[in-house]
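Letters go in sequence order (proteins before strands), and every chain restarts at 1.
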Protein chains: 2
Amino acid sequence: MDTTSIVNALDGAGYRLTGPRRALATLIARRTGHFTATELVDEAHAKRLRVGRATVFRTLEVLEALGAVERLDLPSGDHAYVVCRRAHHHHVVCSRCGRTSEIDDGGLRFLVSEIARRTGYRVDDHRLELFGLCPACMATLPGPTSVSA
Amino acid sequence: MDTTSIVNALDGAGYRLTGPRRALATLIARRTGHFTATELVDEAHAKRLRVGRATVFRTLEVLEALGAVERLDLPSGDHAYVVCRRAHHHHVVCSRCGRTSEIDDGGLRFLVSEIARRTGYRVDDHRLELFGLCPACMATLPGPTSVSA
DNA sequence: GTTTTTGCAAACCATTTGCAGGGTC
DNA sequence: GACCCTGCAAATGGTTTGCAAAAAC
């Protein structure tokens, strides 16, 4: 995901292209793993960018609504964000380096409708989050070489 | 879930059976839907129970570790809890009345291993949360009678 | 020129913590 | 009696808000 895509998303939705928003688009586009609003605030501050705390939260809110970013709830209870391409999907999150990979709905769609049928609920929304170790982090890890699921 | 089961869980794990913990066990056992720590604090206060704010949080933490309760992350970002029976499972949450139903792992287990295979991650943990309308709430709803998933 | 955005700082609010007193085993 | 728990109240830390100035269209 590059800066331009995020900026275009804002522009296309009728939001004004301001300095702070462009700056944030760049910071976010550079991210590889998940990040928190506070991390973004600190990074902007460290780089002497003119971006206030409130603006970071407000921009993330807009970007989430536009589907350019998605909010994750980490097992720790923290709220983190990840950049994303499509509107709805799910992620595998590496609990060591924070890297995320998108996963497609595949069998999940069927699973959800099956659950709706069994419980009698009308299911409007669902969230699936997976946590573990990405291939790169596994490689740097000591111990047994065998891999379990 | 009744008060006794929760108390037994605490006792069995070596925790002391104190007044506040018994009181909380009762409040929690009576809950049908999801609830927040703050709601519990307020309810205890309203009923003049001798239970401090900190104790509510500390007790919920213990109960979660024991698997008597599970924490949900609602789409709103709020943290809520639900009583539960087995150690690991997932929930469908009614976004209108808050009622929850447990759902079994069923096809999910396969789905998770499939995702691990495709992404190369070692998946250690996963969370699936479904949101929608429970049968009772659907029945009280105006509008078209047809149901969609 | 009108409308949106921003930054700041204060307000908010859920959650955590330190610690002295009280309860449980 | 030793150790675990509790309440309180203060500290914490993420997130939101009010508002006047600044920027975008």
Side-chain angles (χ1 to χ4, degrees), chain A residues 6-28 34-66 68-81, chain B residues 6-28 34-66 68-81:
Chain A
I6 299 179
V7 171
N8 284 344
L10 286 168
D11 193 24
Y15 289 97
R16 296 191 174 170
L17 301 182
T18 66
R21 283 181 179 158
R22 288 173 192 280
L24 283 174
T26 301
L27 290 187
I28 290 172
H34 54 67
F35 55 90
T36 64
T38 303
E39 280 169 14
L40 234 40
V41 171
D42 293 344
E43 189 182 351
H45 180 74
K47 295 188 173 160
R48 325 262 160 193
L49 300 174
R50 304 205 119 285
V51 182
R53 199 196 339 280
T55 301
V56 171
F57 282 95
R58 289 188 277 231
T59 302
L60 282 172
E61 189 180 358
V62 169
L63 290 179
E64 188 187 8
L66 294 181
V69 126
E70 184 168 5
R71 192 169 77 187
L72 298 179
D73 294 299
L74 304 182
S76 66
D78 290 333
H79 292 157
Y81 293 83
Chain B
I6 299 179
V7 171
N8 284 344
L10 286 168
D11 194 23
Y15 290 96
R16 298 197 171 164
L17 302 182
T18 67
R21 283 180 179 158
R22 288 173 192 279
L24 282 174
T26 300
L27 291 187
I28 291 172
H34 54 68
F35 55 91
T36 64
T38 303
E39 280 169 15
L40 234 40
V41 171
D42 293 343
E43 188 182 351
H45 181 74
K47 293 189 173 159
R48 325 260 161 196
L49 300 173
R50 304 205 121 284
V51 182
R53 199 195 342 277
T55 301
V56 171
F57 282 94
R58 288 189 278 231
T59 303
L60 282 172
E61 190 181 354
V62 169
L63 290 179
E64 189 188 7
L66 295 181
V69 126
E70 183 168 6
R71 192 170 78 187
L72 299 179
D73 295 299
L74 304 182
S76 66
D78 290 332
H79 292 157
Y81 292 84

- Which atoms form the tightest heavy-atom contact between A:Leu49 and A:Ala23, and what is the distance? CD1-CB, 4.3 Å
- Find which nucleotide of DNA chain C each of B:Leu17 and A:Val56 is nearest to by heavy atoms, and output the residue with the more 5' nucleotide. A:Val56
- So which one's nearest nucleotide on DNA chain C is more toward 5', B:Tyr15 or B:Arg71? B:Arg71
Nearest 0.5 Å please: distance from the [atom1] atom of [X] over to the [atom2] atom of [Y].
X	Y	atom1	atom2	result
B:Leu63	B:Arg58	CG	CZ	14.0 Å
B:Asp11	B:Arg21	CG	CZ	11.0 Å
B:His34	B:Glu70	NE2	CD	13.0 Å

Using atom [atom1] of [X] as one end and atom [atom2] of [N] as the other, report the distance to the nearest whole Å.
X	N	atom1	atom2	answer
A:Glu61	C:dT4	CD	P	16 Å
A:Arg48	C:dG7	CZ	C1'	17 Å
A:Leu49	C:dG7	CG	C1'	14 Å
B:Asp78	D:dT16	CG	C1'	14 Å
A:Leu24	C:dG7	CG	P	9 Å
B:Tyr81	C:dA14	OH	C1'	10 Å
B:Arg16	D:dC5	CZ	P	6 Å
A:Asp11	C:dT4	CG	C1'	14 Å

- Message: Regarding B:Arg50, tell me which of base, sugar-phosphate or nothing describes its non-hydrogen contacts under 4.0 Å with the strands shown.
- Response: sugar-phosphate
- Message: Applying a 4.0 Å non-hydrogen cut-off, can you work out what A:Arg21 is touching in the nucleic acid: base, sugar-phosphate, or nothing?
- Response: sugar-phosphate
- Item | Backbone N/O of B:Thr55 and side chain of B:Thr59: donor-acceptor pair under 3.5 Å | yes
- Query: Does a side-chain N or O from B:Thr18 land closer than 4.0 Å to OP1 or OP2 of C:dG23, or not?
  - Reply: no
- Item | Side-chain N or O of A:His79 closer than 4.0 Å to phosphate OP1/OP2 of D:dT15 | yes
- Under 3.5 Å, is there an N or O donor on one side and an acceptor on the other linking the side chain of B:Arg53 and the base of D:dC8? no
- Item | Polar pair under 3.5 Å, donor/acceptor by atom type, side chain B:Arg58, base C:dT16 | no
